[in-house]
Amino acid sequence: MPALAWAAFVAAAVLMAFAAFAAVLDGVFDPVGRSGGLGNRAGRPVWETARLLRQRRRTTVAPDALLWRIGTAGPLVVALLMVVVVPLGDWSVADPAVGVVWFNALDVALWLLVWSAGWGTNSGYGLIGGYRFLAQVLGYELPLMFALTAPAVAAGSLQIGEIVAAQRGLWFVVWAPASLLVFLAAVTGFSVWGPLAYPAGPDIAGGVLAEPSGVDRLVLLAGRYALLAVGAGMATALFLGGGAGPVLPGWLWTVVKTSALLAALVAVRRRMPLLRADRVMRLAWLVVLPLTLVQLLVVSVVAAGRG
Amino acid sequence: MVVGGWLSRLAARRPHVMLAVAPGATAARLAVESALADAGALVASSAADADVLVVVGEPGRELSGAVDEVWRELPGPRARAQVVAPAEARAAIMRAVAQLSDLGQVAEAAARRDEWRDGQTGNGMSSDDSISHAPDEDRGHGEHDSGDGGGARAGDADGDHHAHQMSHLQPDGAGHHGGDMAMPGGLMMAGRAADRDGLRLDVLQVTLGPVLADWPAGLVITATVQGDVVQAADARILDAVGQPSFWNAGDVGRRHAAAHLDSLGRLLAVVGWPAMAYRVRRLRDGALGEEPAEMVRAGLTAVDRRMRRSWTLRSSTDGLGVLTPGMVRDLGVTGPAVSAVDSGGDATARWQYWLAETDALLAGRFPAEGSGPRGLGGRAASAALLAAASQLMVGLDIGGARIVLASFDPDPDEVVPVPAPRTVA
């Protein structure tokens, strides 16, 4: 049992390191403050953390305190629970037979958590932000589920260790590229990030981020980066062969691949504006969902042919 | 204390600043925005996210009330500054940021309690923070509630209305019920009415502005919403000054180009593309400054290409706020908004027209005689744009409504004081 506790602690530390890395990258990619030099931008997570630690936690009129707290801590907790099944090289805290389902179930828990973060504040903007998240979920969740299904079908297992092992010959990204792209898009969706940050849109004063201050805000923002990081880690395991690669040890390959995916996820934020939920819906149901289904069909036929 | 000092030094490296802009202070706002960009400061999107409140210009009585309310909502450590003359901007911001690092700040913030915290209910107070910071509105609720049948609002219902602490999500008069029932936080139950799909939905009054990021100075829009769909919008400018626009003075060609870039920056911020908004605003500062027109044009060409190629940008502005020839006639709209009618008349057509005209102006084309960047006759032009925007908001969600407003971008400086609130239903 102590061994398991240590393992969980290590996994959490690795996750938070990746989350910090994502936050640093976001500062580096930001055109604002270019004149201040690289160090000033790269250090931004430090300044922001210090700022939020000094800041007072404020309340709103008649908030639903319980739901608000749950929503604030939720994303970070979900990311920590997800990382339990994400392998670092060959090592992971746990490798249950239903690892993929575990990941998916936790991402579904975010429906309630992000909504509560908005609703609990009893503020109009927070409320709209929470509902925007639910609208967005209707767009990305089914494509995400089918994208997760592709590697599971290809490997004939829901166990993440098995899925990684099944990519010895060929990474799944080669014959399921659409699934990887859809998976990454869905990661930005549940992390409320980049083009899918509509629930935290500037047009509604930050939406789910409109009210929290101080430590509350710190935890919520850390949760957002942690979700991005765990999403990149999961994509590495499911599509990029996990720790497979020449020369370097497995764990280092995982770190390299995850960092690359994470950098791409962070960078996308500066590249395009927000997508409104109604547009996401149209795109998701008319283009992305059929695409993931066709991709799944291709994967299934290939898997059946091999089997 | 050692840790405190260390934290405060780190924290001051990236202050979050909220702007409260009074009508007629465009020059000061531009100076402040430019100073903030140079300092690497972040413009906060809500009071909860802000350390510094910068009041730009000289707000009148009504706007001051709203600004004070926002000030109470800053969590703290916090600092406040006022910038009236553009030249003061840099120094005022530096002073405010220095105040933030004061070690007494944390203690002050900890000792301060949100006045709404301890369930002081039943006084109609419901300042649930930064959805908007409604002004004190002791003049005429009756006029205000026109359009939907009128009636008492929550604050009046219990007869203890606090002038500064207006609700942001207020039950509308229509179908109002439970007037004597004190609800948690003094909020009242919403009334209900049939919506466009024939459902009976809650009717709420949402006040947008006047202190809101990327929002025209002093503008307050009271929207009647069901769900987040705007059913009616009522716009007015607080403490309007009705002075000649900043954008119509000096080197007119470059000023007009800068005015369009300013509008584009606001639109990009509202659609959620802050990186591009930043680029466009830097171009604007260049166009207003000494930078050669050719340099600004080169930057604009790159921005133009990125914006036109952005499928996501077009998808969020296409088909929104279509201005029809009939509306142009009825409201007397002039300027770029009309020129964009031929190419669709939607928000996309308007920003594309801004881009094209900015380039032409920078290339040396002289603006038409008597025409401001927003159309003929200054004042009339902005008033018409505001009327058009409030009409076209109806039927859209809050996000769409804000994009429509930003795509018209009326200049509040030009709008003349109106004695009674105007209503567009």
Side-chain angles (χ1 to χ4, degrees), chain A residues 29-36 40-41 43-44 46-63 121-128 131-132 195 197-198 200-206 209-214 217 269-279 282-283, chain B residues 7-8 10-11 13-14 16 37-38 40 42 45-46 48-49 51 73 75-77 105-106 109-110 112 114 116-117 119 121 125-132 168-169 184-187 206 212-214 228 268-276 278-279 310 312-313 315-316 398-400 402-403:
Chain A
F29 293 155
D30 192 354
V32 182
R34 279 278 150 89
S35 50
N40 208 5
R41 277 177 292 135
R44 213 173 263 178
V46 180
W47 332 139
E48 290 289 342
T49 306
R51 187 183 153 258
L52 291 173
L53 285 176
R54 279 183 93 214
Q55 198 173 59
R56 181 174 68 95
R57 292 167 71 191
R58 65 197 263 291
T59 60
T60 57
V61 176
T121 59
N122 191 26
S123 135
Y125 283 145
L127 181 76
I128 294 174
Y131 278 109
R132 280 185 178 185
Y198 192 53
D203 53 332
I204 47 169
L209 288 171
E211 300 298 344
S213 66
R217 194 179 189 87
R269 177 178 177 198
R270 311 280 171 206
R271 306 291 306 172
M272 54 174 77
L274 292 182
L275 274 172
R276 306 216 320 271
D278 51 336
R279 310 295 159 121
R282 197 182 310 161
L283 180 69
Chain B
L7 271 185
S8 72
L10 292 177
R13 297 198 55 169
R14 195 170 183 240
H16 293 209
D38 289 342
L42 185 112
S45 56
S46 71
D49 186 33
D51 309 310
E73 289 174 359
Q105 281 269 9
V106 175
R112 190 153 49 83
D114 295 322
W116 48 86
R117 181 172 189 141
T121 60
M125 169 179 99
S126 52
S127 69
D128 64 308
D129 313 82
S130 39
I131 174 145
S132 67
H168 313 115
L169 269 183
L187 301 169
V206 176
L212 197 58
D214 305 308
D228 69 344
L268 286 165
V270 170
V271 298
W273 199 358
M276 189 54 83
Y278 176 79
R279 272 177 78 171
S310 170
T312 40
L313 176 61
S315 88
S316 64
I398 298 273
R402 282 206 62 180
I403 293 174

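First the proteins, then the strands, lettered A, B, ... as listed; each starts at 1. For the numbers below, each heavy atom of this structure counts, side chains included, while hydrogens, waters and symmetry mates do not.
- Counting heavy atoms from C-beta on, the side chains of T312(B) and R279(A) never come closer than 4.5 Å.
- The parts of R270(A) that come within reach of chain B are both its backbone and its side chain, each placing non-hydrogen atoms under 4.5 angstrom from that chain.
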- Task: Please test Q55(A) against D51(B) for side chain to side chain contact (heavy atoms under 4.5 Å, CB included), starting from the C-alpha separation and ending with a verdict.
- Result: CA-CA 9 Å; Q55(A) 198 173 59; D51(B) 309 310; 3.5 Å; yes
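- Exactly one residue among L283(A), L275(A), D278(A) makes a side-chain contact (heavy atoms from CB on, under 4.5 Å) with S315(B). That residue is L275(A).
- The main-chain N or O of P75(B) is never found under 3.5 Å from a side-chain atom of R58(A) such that the two would form a donor-acceptor pair.
- Contact of F29(A) with chain B is not made at all, since no heavy-atom distance falls under 4.5 Å.
- Only the backbone of P212(A) comes within less than 4.5 Å of a heavy atom in chain B; its side chain stays farther off.
- V270(B) places none of its side-chain heavy atoms less than 4.5 Å from the side chain of P202(A).
- Taking all atoms of both residues into account, the shortest heavy-atom contact from L10(B) to A50(A) is CB-CB, 3.6 Å.
- Between S213(A) and A48(B), the shortest heavy-atom contact is CB-O, 3.6 Å.
- Nearest approach of L212(B) to A205(A), heavy atoms of both residues: CD1-CB, 4.4 Å.
- Looking at heavy atoms from C-beta onward, N40(A) lies out of side-chain contact with R14(B) at the 4.5 angstrom threshold.
- Taking all atoms of both residues into account, the shortest heavy-atom contact from S46(B) to A210(A) is OG-O, 2.8 Å.
- In this structure, the portions of A109(B) lying under 4.5 Å from any heavy atom of chain A include both its backbone and its side chain.
- Within the 4.5 angstrom heavy-atom criterion, atoms from both the backbone and the side chain of R54(A) approach chain B.
- Side-chain contact between R51(A) and R13(B): absent, with no pair of heavy atoms (C-beta onward) separated by less than 4.5 Å.
- A side-chain donor from one of H16(B) and E48(A) sits under 3.5 Å from a side-chain acceptor of the other.
- I128(A) is listed as a side-chain neighbour of I398(B), based on a closest heavy-atom distance under 4.5 Å.
- Contacts of L42(B) with chain A are absent, with no heavy-atom separation under 4.5 Å from either backbone or side chain.
- Using a 4.5 Å heavy-atom cutoff, the side chains of V206(B) and Y125(A) are not in contact.
- Residue P273(A) comes nearest to V271(B) through the heavy atom pair CB-O, 3.9 Å, listed as atom of the first residue, atom of the second, then distance.
- Of all the listed residues (R282(A), R217(A), R269(A)), the one sharing the greatest number of non-hydrogen pairs under 4.5 Å with chain B is R217(A).
- Both the backbone and the side chain of R271(A) come within less than 4.5 Å of a heavy atom in chain B.
- A heavy-atom distance below 4.5 Å is not found between the side chains of E73(B) and E211(A).
- For a residue to count as touching a neighbouring chain, one of its non-hydrogen atoms must lie under 4.5 Å from one of that chain's; by this rule S310(B) touches chain A with the side chain only.
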